[in-house]
Amino acid sequence: MFGKLSWAAIPFDQPIPMIASAVVALVIIGTLLWITVKGWFPYLWREWITSVDHKRIGVMYTVLALVMLLRGFTDAIMMRSQQALAFRAPGYLPPEHYDQVFSAHGTIMIFFVAMPFMIGLMNFVVPLQLGVRDVAFPTLNSVSFWLTATGALLVNISLLVGEFARTGWLPYPPLSELRYSPGVGVDYYLWAIEIAGVGTLMTGINFVTTILKIRAPGMTYLRMPMFCWTALAANLLIVAAFPVLTATLAMLLLDRYLGFHFFTNEAGGNVMMFMNLIWAWGHPEVYILILPAFGVFSEVISTFSGKPLFGYRSMVAATMAICILSFTVWLHHFFTMGAGADVNAVFGIASMIIAVPTGVKIFNWLFTMYGGRIRYEPPLLWAIGFMVTFVIGGMTGVLLTVPPADFLLHNSLFLVAHFHNVIIGGVLFGGFAGYTYWFPKAFGFKLHKRLGQAAFWFWLIGFYVAFMPLYVLGFLGMTRRMQHYDVPEWHPWLLIAAGGAILIAIGIALMIAQLVVSIRQREELRDATGDPWDGRSLEWATASPPPAFNFAVMPHVEGQEAYWQIKQRFRDESLPIEEPEYEPIEMPRNSPTGFICAFFATLMGFALIWHIWWLVIAGALGAYATFVVFAWRDADERRIPAEVVAQIDRANRAARARLQNASVPA
């Protein structure tokens, strides 16, 4: 009845996963009890869990990313401490557990930290910057989030029930085939990523449709903020690349479940075809992550330099060039495959060329700052830290595009350092910049400045202390994924790297403290204007937090930097603010469709992992019934009366008038 599931699936004899699971369970139970005692559950269900508001979904994506960052960083601490202790000693992690730790770390950080972080920022900001009231498909947006959360939940269930994959964050065959990985670890990986990947693909379709088809009057393509352009490029890549991931993992599932042989050489398959397919998704995935971060930095640097973005059109061209070129470089991930000098040369040159539009962006950001009135607020600190760190990561990446150099450094810790140089220095720093920049827009008060600055410096210094030694270790010949070693020259560098991980841990603790202190001091940090940074794009034209309908009256865009032009016109001409004619607004109704679909997807995923076929059928029927009920509902929109719209907008306009009067010189 329960397939392969039995009491043996719970690792009673392993204290580390049992203690970790107990801590997670206590936190979840304690949180649920707290919510129940406070009587908050009806509010959470009504305003958050069933919400289809793009802003709330964006906040939930970001919360998911930050929570999973804690889990993924815990794995990183375990790896660094294991290697620091494992010189001529077994360390404290047995080999099979260590393999699960580094596999879970990579999977979580890419799929459930970096992706939700960027998608969360896009969800919250893009409709506001476009001057519209929501994304094209609001309920689909909710389904996308909850499917992503389902994937994250399945990965965390593997901590207690069964095991996780031991194959690395990409499940290369033949190691991931049933013959060499007969347990459920690879199945947890495959079903978690398949389910979350479907959610991400729906997000891509949603945002491509939104950006191309729904914009404020006058918002032409070349008037869109840079973040919207990078979001468009990233979501075009999602639409093109994620079906490749879904199909590739589906073929591996067929190999494991039905005895197919897509990737088994001895039965007519081809292992290297998996490499080609997975990296045909995998390298565009790097740009799916980094392009929205580029957009965040463009907004932050322009705002805190007090200048328009330098070379706007060249930035647009560079963004779309990266979007196209990202599909021409995947083979540099396996130059050692033996494809031949000609193939390696073509992909090596393409990999070097893609660095050119990235360099264009770096110079444009520097020129934006040049001559500007720079304000060193925490979002700008993250942007400056990114530019320095990302340039180093980019240069080491160009080195790895040279096939002879890659032959020496492939699979070494040099590669690990390069990858983290790009992902941490680019994606995570971009996420943190966007988080601190748009936090007051989401919640109506700023984050504590001093704690934000301290968190930045611990993160930046900790990053260099943790990962620069890995470049040296790569040159010294240390490969990745080593549970123990006996080379004396490696040990001091691994001790330094472990010290860097501790500094990053302090940075994370300071970010948690920053959030707690900011919430407690929110009245002192309150922003009544909706425009705490003197912003330049339309999201700052609304109240903080924005109302459900975003804009009481749809804005009319007359040029680039729409909101900056509106502010300057009123400041320069001292024009009175005329009250518009308010009309009722129709908004989509909240829907539990996403949450219910995620519930049934979780049941199906868990049942497929453990071969509980009756539960698979029940989950499939439940998900189908949910979609039928949603499709047949009669009232899918709610009407906000004109009086309510007027009341909300008048309060916002009064606060904004006070700001403008204070800005007019005497």
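Residues take their numbers from the sequence shown, with the count starting at 1.
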Review point. Picking from N141, T203, D53, T62, what satisfies side chain to side chain donor-acceptor pair (under 3.5 Å) with N123?
Key: N141
Review point. Atom CZ in R638, atom CD1 in I585: separation rounded to 0.5 Å?
Key: 10.0 Å
Review point. More than 12 heavy atoms of other residues, nucleotides or ligands under 6.0 Å from OH of Y370: is that the case?
Key: no
Practice item. Rounded to the nearest 0.5 Å, what's the gap from CH2 on W540 to CD on Q129? Could you check? Key: 9.5 Å
Exercise for review: Give a yes or no on whether the backbone of V52 and the side-chain of R56 come within a donor-acceptor separation of less than 3.5 Å.
Suggested key: no
Practice item. Evaluate the side-chain proximity of M511 to W459: yes if any heavy-atom separation is below 4.5 Å, no if none is. Key: yes
Study note, to complete from the structure: Rounding to 0.5 Å, atoms CD1 (I423) and CG (L428) come to a distance of 8.0 Å
Practice item. Give me the one residue out of Y287, W229, F390 that meets ring-ring contact (aromatic ring centres under 6.0 Å, His included) with F294. Key: F390
**Study point:** Non-hydrogen side-chain atoms of L212 and Y221 separated by less than 4.5 Å
**Key:** yes
Review point. Does S544 reach the main-chain N or O of G444 with its side chain, forming a donor-acceptor pair under 3.5 Å?
Key: no
Practice item. Please confirm whether the backbone N or O of M202 pairs with a side-chain atom of N206, one donor and one acceptor, at under 3.5 Å? Key: no
Practice item. Enter the distance from Q565:CD to R223:CZ here, rounded to the nearest 0.5 Å. Key: 8.0 Å
Review point. Between T50 and W45, is any side-chain donor less than 3.5 angstrom from a side-chain acceptor?
Key: no
Review point. Just checking, is any N or O donor in the side chain of T319 or K361 under 3.5 Å from an acceptor N or O on the other one?
Key: yes
Point to revise | E586 CD: over 12 foreign heavy atoms closer than 6.0 Å | key: yes
Review point. Ion pair present between R589 and E637, side-chain N to carboxylate O less than 4.0 angstrom?
Key: no
Check your understanding: So does K567 pair up with D531, basic N to acidic O under 4.0 Å?
Key -> yes
Check your understanding: Using 30° and 60° as the class limits, which term best fits the ring planes of F117 and Y435: parallel, tilted or perpendicular?
Key -> perpendicular
**Study point:** F124 vs Y61, ring pair (Phe, Tyr, Trp, His ring centres under 6.0 Å): CA-CA, chis, key distance, verdict
**Key:** CA-CA 10 Å; F124 185 85; Y61 264 116; over 10 Å; no
Check your understanding: Could you walk me through whether M115 and I288 pass the side-chain contact (heavy atoms from CB on, under 4.5 Å) check?
Key -> CA-CA 8 Å; M115 284 293 291; I288 290 169; 3.9 Å; yes
Practice item. Could you go through the ring pair (Phe, Tyr, Trp, His ring centres under 6.0 Å) check for W365 and F386 one step at a time? Key: CA-CA 11 Å; W365 290 322; F386 148 77; 5.5 Å; yes
**Study point:** F551, CZ atom: more than 12 neighbouring heavy atoms under 6.0 Å
**Key:** yes
Review point. With a cut-off of 6.0 Å (strictly less than), are more than 12 heavy atoms of other residues, nucleotides or ligands near CZ of F599?
Key: no
Check your understanding: Do T368 and K307 get their side chains close enough for a donor-acceptor pair, meaning under 3.5 Å?
Key -> no
Review point. Judged by atom type as modelled, is there a donor-acceptor pair below 3.5 Å linking the side chain of S537 to the main-chain atoms of E539?
Key: no
Review point. Counting only heavy atoms not in W48, do more than 12 sit closer than 6.0 Å to its CH2 atom?
Key: yes
Practice item. List the steps, then state whether side-chain contact (heavy atoms from CB on, under 4.5 Å) holds for Q514 with Q453. Key: CA-CA 10 Å; Q514 179 194 29; Q453 291 171 332; over 6 Å; no
**Study point:** Min side-chain heavy-atom separation N235-M122 under 4.5 Å
**Key:** yes
Point to revise | Interatomic spacing from SG in C323 to CG in L291 - rounded to 0.5 Å | key: 7.0 Å
Review point. T436 side chain to P378 main-chain N or O, any donor-acceptor pair under 3.5 Å?
Key: no
Point to revise | Sub-4.5 Å side-chain heavy-atom contact between L201 and T246 | key: no
Exercise for review: Could you tell me if the ring centre of F310 sits under 6.0 Å from that of F367?
Suggested key: yes
Check your understanding: Is K441 reaching over with its side chain to a backbone N or O of T542, donor-acceptor style, under 3.5 angstrom?
Key -> yes
Practice item. Could you give me the CA-CA distance, side-chain angles and deciding distance for W40 and W34, then say whether ring pair (Phe, Tyr, Trp, His ring centres under 6.0 Å) is met? Key: CA-CA 9 Å; W40 290 345; W34 185 41; 5.1 Å; yes
Check your understanding: Out of F630, W146, F145, which one pairs with F595 under the ring-ring contact (aromatic ring centres under 6.0 Å, His included) rule?
Key -> W146
Check your understanding: Would F445 and I519 count as a side-chain contact (heavy atoms from CB on, under 4.5 Å) if you check the C-alpha gap in whole Å, the side-chain angles of each, and the deciding distance to 0.1 Å?
Key -> CA-CA 8 Å; F445 59 95; I519 292 172; 4.2 Å; yes
Check your understanding: Between the main-chain N or O of P138 and the side-chain N or O of S142, is there a donor-acceptor pair closer than 3.5 Å?
Key -> no
Exercise for review: Give the ring-plane orientation class for F304 versus W533, where under 30° counts as parallel, over 60° as perpendicular and anything between as tilted.
Suggested key: perpendicular
Check your understanding: Can you tell me how far the CZ atom of R71 sits from the CE atom of M109, to the nearest 0.5 Å?
Key -> 11.5 Å
Point to revise | Flag if over 12 foreign heavy atoms under 6.0 Å of CZ, R520 | key: no
Review point. In terms of heavy-atom contacts, does CZ of R46 have more than 12 from other residues, nucleotides or ligands at under 6.0 Å?
Key: yes
**Study point:** Test item: E299 side-chain N/O and M226 main-chain N/O as donor-acceptor pair under 3.5 Å
**Key:** yes
Check your understanding: Going by atom types alone, do S298 and Y312 pair a side-chain donor with an acceptor below 3.5 Å?
Key -> no
Point to revise | Test item: E583 and V645 side chains (from C-beta on) under 4.5 Å apart, heavy atoms | key: no
Exercise for review: Would you mind reporting whether F137 and T209 have side-chain heavy atoms less than 4.5 Å apart?
Suggested key: yes
Exercise for review: Just do the side chain to side chain donor-acceptor pair (under 3.5 Å) check on D527 and T529 with the steps written out, would you?
Suggested key: CA-CA 6 Å; D527 165 49; T529 68; 2.6 Å; yes
Check your understanding: Going by the angle between their ring planes, with limits at 30° and 60°, are F432 and W382 parallel, tilted or perpendicular?
Key -> tilted
Review point. Does the side chain of N364 pick up a donor-acceptor pair with the side chain of S314 at under 3.5 Å?
Key: yes
Practice item. Kindly indicate, with the supporting measurements, whether the criterion side-chain contact (heavy atoms from CB on, under 4.5 Å) is fulfilled by I214 and L130. Key: CA-CA 8 Å; I214 308 176; L130 292 176; over 6 Å; no
Review point. Is the closest basic N to carboxylate O distance between K55 and D134 below 4.0 Å?
Key: no
Check your understanding: Going by heavy atoms in the side chains, are L289 and E285 under 4.5 Å from each other?
Key -> yes
Practice item. Report the residue from V132, V126, L128 that forms a side chain to side chain contact (heavy atoms under 4.5 Å, CB included) with H54. Key: L128
Check your understanding: Can you find a heavy atom in the side chain of I49 that is under 4.5 Å from one in the side chain of M60?
Key -> no
Point to revise | Within 6.0 Å of CD in Q647, more than 12 heavy atoms from elsewhere | key: no
Point to revise | W438/F227 aromatic ring centres below 6.0 Å | key: yes
